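This report concerns only the one structure given below.
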Amino acid sequence: MQAPSVGGIMLPRGNGQVVRLSRGASLTDFAEKINANPASLVQVMLNLGEMVTATQSVSDETLQLLADEMNYVVEIVSPEEEDRELLESFDIEFGENEGGEEMLVSRPPVVTVMGHVDHGKTRLLDAIRKTNVVAGEAGGITQHIGAYQVATEVNDEERRITFIDTPGHEAFTAMRARGAKSTDIAILVVAANDGVMPQTIEALNHAKAAEVPIVVAVNKIDVEGADPTKVRGQLTEYGLVAEEYGGDTMFVDISAKQGLHIDELLEAVVLTADAALDLRANAEQDAQGIAIEAHLDRGRGAVATVLVQRGTLRVGDTMVAGDAYGRVRAMFDDKGNNVEEAGPSTPVLVLGLTNVPGAGDNFLVVDEDRTARQIAEKRAARERNAAFAKRTRRVSLEDLDKVLKAGEVQQLNLIIKGDASGSVEALESALLQLDVGEEVDIRVLHRGVGAVTETDIDLATGSDAIVIGFNVRAEGRATQRAEREGVDVRYYSVIYQAIEEIEAALKGMLKPEYEEVELGTAEIREVFKSSKLGNIAGVLIRSGEVKRNTKARLLRDGKVIAENLTIEGLRRFKDDVTEIREGFEGGINLGNFNDIKVDDVIATYEMREKPRG
């Protein structure tokens, strides 16, 4: 039924009919669903005061506005639901498609180690690996693939356990948030000398939210002031009651440093798995599971660590992981050995994908390369549309507070690039958990592995995002484009630094930022020895001017030999001076630093506050 709408345009009236659209859909997508002309929807949006093209991805709010005007109800389909529908369209079921009780075989438990930042998580994982190698596993150099499998003996039977070595509970949560149930059991590490800390409680809450059983490893029992009983008492308050106190949580006192009681801890994991979980999977079906970690390798291209959850993954299989696909060229275990196949709960490094999947992306094996490509392309298009759905004015971290106060923006758009998908997930998860009040939202438009590219800058330009590079830099002409377009690109190597700076910006508390400004360079022509002052450099000022009491660094053959030096003495002939300009000669004393040679260069600089806005 046609009825006049805004501006006299004839349009279908919805009468409350539900229209399902994916995030970032365009007016053309909407028009197809209601059998309307896209141009007429563009006209309606104009009449509502918004200029939108027919093919442009629009925000959820815009779709809602248009639907209300035409008496439709818009239902935005979640990415997970959309993915399920996409797979169903290819006749693929993802999940507990086990194929009957008789097909199920037992599988090893998958374990994540969590806890406070310096309570010994990494040391424990190292100790577990070491114990295992000594126990007769194939030796050799282990490589970090984000997961590995160990063997332990329980009741005279060899049992295997898979450990996921993620960048902490942030990545664990990121995987959970995307519906990837990767972990069966969590080991909570608590230092016996420190006791329960804020991050311990945070990790505990993450494990409880994921509904996984917990085994507590009370570490550092060899350290002075260690009190394992106190730890048991503290954790009772959070619902973890030790078996010896009548509860059902196993506590094991260990020393990761000394390698004490590691076997008892592994046994506790197996016993907890047997008591609390039914760990079985069908090893015969096509492999399915999740990507745990992925990065770009210069020689081998995209490499991903995947955890097979059901089925068996074989070399030559065609797989899709997130928006990446490809034929498995080779597989390796954490010891670098070639593996031909991997069954349930087995982690392997996979070669052959077209690009880098995200940590927590589901993977599945399909029959044909063409199917894999179509699934990957549809997923990539969906991500792209969702990313382009919001376009606003360009903003930088410095003037964000002003823009917020003026009511011009209610959200901070971010693009995150990093060196590995695990760290990108961890950073994204931590940023999205920032509590900055109700006035502003943080939105991650795009995240990826690898250098900051021109495409990232284009996306930031179109959607007014700030680009964050974690352990990566910009490549090619991306830096020039960012400067030209006024896009704010930030580089970090520590997750907490990025979180603190963005939180500070959101709260309008960004501290003054300093940049290094070169003042002058001096080439050493001669070295004079003085019994009172040590070595004095006879120099020619090559550029700028050298001032007394400024900071300096020493370069030899273009390499920095010493940092944080100070120009303590400056002489011209016999007179003490405060500065020497370009082209003049003089003498420089670097205080207690005497390792200077002819042809070395002394570069002086000072830290200046960067102008804001």
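FYI, side chains are in, hydrogens and waters are out, and symmetry mates aren't considered; it's all heavy atoms of this structure. Please read all numbers here as calculations on a predicted model, not as lab measurements.
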Side chain proximity check, [X] to [Y], heavy atoms < 4.5 angstrom:
X	Y	answer
L188	T200	yes
F30	V19	yes
L87	I375	yes
L265	L124	yes
E475	T453	yes
L21	L63	yes
I128	F163	yes
K551	L565	no

With a 3.5 Å distance limit and no angle check, can you tell me whether [X] reaches the backbone of [Y] through a side-chain donor-acceptor pair?
X	Y	result
T354	Y325	yes
Y148	P347	no
N193	I221	no
T162	S345	yes
D184	V110	yes
T62	V58	no

Test: [X] and [Y] ion pair at under 4.0 Å:
X	Y	answer
R490	E501	yes
K417	D456	yes
R379	D361	no
K378	D323	no

Shortest non-hydrogen separation from [X] to [Y] and the atoms involved:
X	Y	result
A603	L555	CB-CD1, 3.7 Å
A294	P357	CB-O, 3.5 Å
V449	H295	CG1-CA, 4.0 Å
A192	V218	CB-CG1, 3.7 Å
V472	A451	CB-CA, 4.2 Å

Derivation and outcome, salt bridge (charged side-chain N to carboxylate O under 4.0 Å, His left out), residues D334 and R129: CA-CA 10 Å; D334 60 296; R129 273 182 135 170; 3.6 Å; yes
Positive for side-chain contact (heavy atoms from CB on, under 4.5 Å) with [X], one of [options]:
X	options	answer
I567	T550, N549, L519	T550
V216	I187, V252, L204, V190	V190
I468	D488, V489, I502, I415	I502
V467	V452, L414, L445	V452

Any donor-acceptor N or O pair under 3.5 Å, side chains Q56, S26: no
Using only heavy-atom distances, determine whether the side chains of T122 and D126 contain a donor-acceptor pair under 3.5 Å.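 No donor-acceptor contact under 3.5 Å links the two side chains.
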One pair to check against salt bridge (charged side-chain N to carboxylate O under 4.0 Å, His left out): R481 and E483. What are the steps and the verdict? CA-CA 5 Å; R481 185 169 292 200; E483 283 169 10; over 6 Å; no
Please evaluate residues Y492 and L427 with respect to the criterion side-chain contact (heavy atoms from CB on, under 4.5 Å), reporting the C-alpha separation (whole Å), side-chain torsions for both, the decisive distance (0.1 Å), and the verdict. CA-CA 11 Å; Y492 300 100; L427 180 55; 5.9 Å; no
Carefully, step by step, assess V444 and I416 under the rule side-chain contact (heavy atoms from CB on, under 4.5 Å). CA-CA 7 Å; V444 177; I416 303 173; 4.0 Å; yes
With rounding to the nearest 0.5 Å, note down the distance linking OG in S57 to CG in D29.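 It comes to 8.0 Å.
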Give the C-alpha distance, both sets of side-chain angles, the deciding distance and a yes or no for side-chain contact (heavy atoms from CB on, under 4.5 Å) between F363 and Q288. CA-CA 6 Å; F363 87 79; Q288 296 182 349; 5.6 Å; no
Salt bridge (charged side-chain N to carboxylate O under 4.0 Å, His left out) evaluation trace for R553 with E516: CA-CA 12 Å; R553 58 172 63 94; E516 186 180 302; 2.9 Å; yes
